[in-house]
Amino acid sequence: MRINDTNYGFYSYQKQLNRKNTENITKKSSSSSAEVEISSRGKEISQAAMSEQAQRQKRVQELKQQINNGTYQVDSKKVAEKMIDFWK
């Protein structure tokens, strides 16, 4: 009679469960592949957004250059109008 190995059956059962889980994960990851296709309208929107971003970057560079040169003029009327609009 062996008293020391009372948990032997449990460990072999646990190993079997781990093996099944590993096989299921491997099957799921190898069989699942997704393809994404962007519509022509989606591509147009993306290109328009990129174009706007390029124009914005150009404008920011121009403003930075004006600030560095000391030629940037602040329109105080526009600033005041925006502040009033914000607080209304």
Side-chain angles (χ1 to χ4, degrees):
M1 176 191 264
R2 296 176 88 182
I3 298 175
N4 295 337
D5 294 331
T6 57
N7 291 330
Y8 180 75
F10 174 77
Y11 289 120
S12 63
Y13 177 71
Q14 189 66 32
K15 286 180 185 179
Q16 184 180 10
L17 280 177
N18 289 341
R19 189 177 317 125
K20 284 184 180 181
N21 288 339
T22 304
E23 289 173 359
N24 288 341
I25 291 170
T26 305
K27 287 179 184 177
K28 287 180 184 177
S29 63
S30 65
S31 66
S32 64
S33 64
E35 290 186 29
V36 176
E37 190 172 321
I38 300 174
S39 68
S40 60
R41 179 69 178 142
K43 290 177 184 177
E44 289 175 10
I45 292 171
S46 176
Q47 288 176 350
M50 290 178 73
S51 174
E52 288 177 16
Q53 185 178 13
Q55 290 173 353
R56 186 177 188 91
Q57 280 291 81
K58 183 180 176 184
R59 178 68 176 143
V60 168
Q61 290 301 326
E62 289 173 0
L63 290 173
K64 284 183 179 182
Q65 188 67 29
Q66 288 177 1
I67 291 169
N68 287 335
N69 294 338
T71 58
Y72 179 72
Q73 298 293 322
V74 177
D75 187 357
S76 58
K77 287 184 180 182
K78 282 187 178 179
V79 172
E81 287 173 5
K82 293 291 182 176
M83 290 175 67
I84 291 171
D85 289 343
F86 176 78
W87 292 108
K88 281 187 176 182

K.L.:
What pairs of donor and acceptor atoms, side-chain ones from residues 34-49 against any protein atom, are under 3.5 angstrom apart with sequence neighbours left out?
P.N.:
from: S39; atom 1: OG; to: G42; atom 2: N; distance (Å): 3.1
from: R41; atom 1: NH1; to: E44; atom 2: OE1; distance (Å): 3.4

K.L.:
To the nearest 0.5 Å, tell me how far M50 CE sits from Q53 CD.
P.N.:
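Answer for the CE-CD pair, M50 versus Q53, is 7.5 Å.
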K.L.:
When the side chains of residues 66-88 are checked against the rest of the protein, which donor-acceptor pairs come out under 3.5 Å, sequence neighbours left out?
P.N.:
from: N68; atom 1: ND2; to: K64; atom 2: O; distance (Å): 3.3
from: N69; atom 1: ND2; to: Q65; atom 2: O; distance (Å): 3.3
from: T71; atom 1: OG1; to: Q66; atom 2: O; distance (Å): 3.4
from: D75; atom 1: OD1; to: K77; atom 2: N; distance (Å): 3.4

